[in-house]
Amino acid sequence: MRILLYSSLAALAILATAYGSRSTLSSVKPPDQVDIRLAGEGAYRDGLYLGRLDRQHRKVEHPDWARWNAAKDRKLFVQRYEAGYRNE
């Protein structure tokens, strides 16, 4: 009788743990097709990384785009910085 009780409690604990971790697993979004195409761009990766880093260190949102000369690179950097800062 005790074995049945203990195994039921163990199964319940495992299910509760799995249910609790469900929210963290579902918060990860699959990459968009656009993200996959642009992942090779330096401005894309740099913007995303620096945006996440500033959010992690609780810095004010301020994309430093001066390093990128081309207008399309600046635009891409700022877009990905903002997405990284907002945790998208």
Side-chain angles (χ1 to χ4, degrees):
M1 187 70 176
R2 285 186 184 188
I3 293 174
L4 181 60
L5 176 66
Y6 291 140
S7 61
S8 297
L9 288 175
L12 184 61
I14 290 171
L15 289 174
T17 304
Y19 183 76
S21 65
R22 179 181 56 90
S23 63
T24 57
L25 294 177
S26 65
S27 66
V28 177
K29 296 187 326 186
D32 296 335
Q33 290 299 324
V34 175
D35 292 347
I36 293 171
R37 275 197 334 257
L38 296 174
E41 297 287 332
Y44 175 93
R45 292 189 316 269
D46 197 29
L48 193 59
Y49 173 74
L50 291 176
R52 288 177 179 168
L53 195 63
D54 284 355
R55 177 182 38 86
Q56 182 181 9
H57 292 289
R58 294 184 172 92
K59 292 184 178 180
V60 177
E61 183 177 357
H62 178 35
D64 187 18
W65 50 266
R67 136 179 201 195
W68 301 100
N69 293 331
K72 78 172 187 85
D73 288 339
R74 286 182 177 180
K75 181 179 178 182
L76 185 59
F77 174 83
V78 170
Q79 286 174 346
R80 297 318 302 165
Y81 177 92
E82 291 171 351
Y85 196 85
R86 289 188 312 263
N87 195 22
E88 292 182 359

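All figures in this text were calculated on a predicted structure; none of them were measured in a lab.
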Separation between CZ (Arg55) and CD (Glu61), nearest 0.5 Å, reads 11.0 Å
dist Lys59:NZ -> Tyr85:OH (nearest 0.5 Å) comes out at 10.5 Å
Report yes if the side chains of Trp68 and Leu76 come closer than 4.5 Å at any heavy-atom pair, otherwise no.
no
Residues forming a salt bridge (Lys or Arg N to Asp or Glu O under 4.0 Å) with Arg45, sequence neighbours excluded
none
So, does Arg52 use its side chain to make a donor-acceptor pair with the main chain of Gly84 at under 3.5 Å?
no
Might you point out which heavy atoms bring Phe77 and Pro63 nearest each other, and give the distance in Å?
CE2-CB, 4.0 Å
Of the options Asp54, Leu48, Leu53, which is the one that meets Tyr81 in a side-chain contact (heavy atoms from CB on, under 4.5 Å)?
Asp54
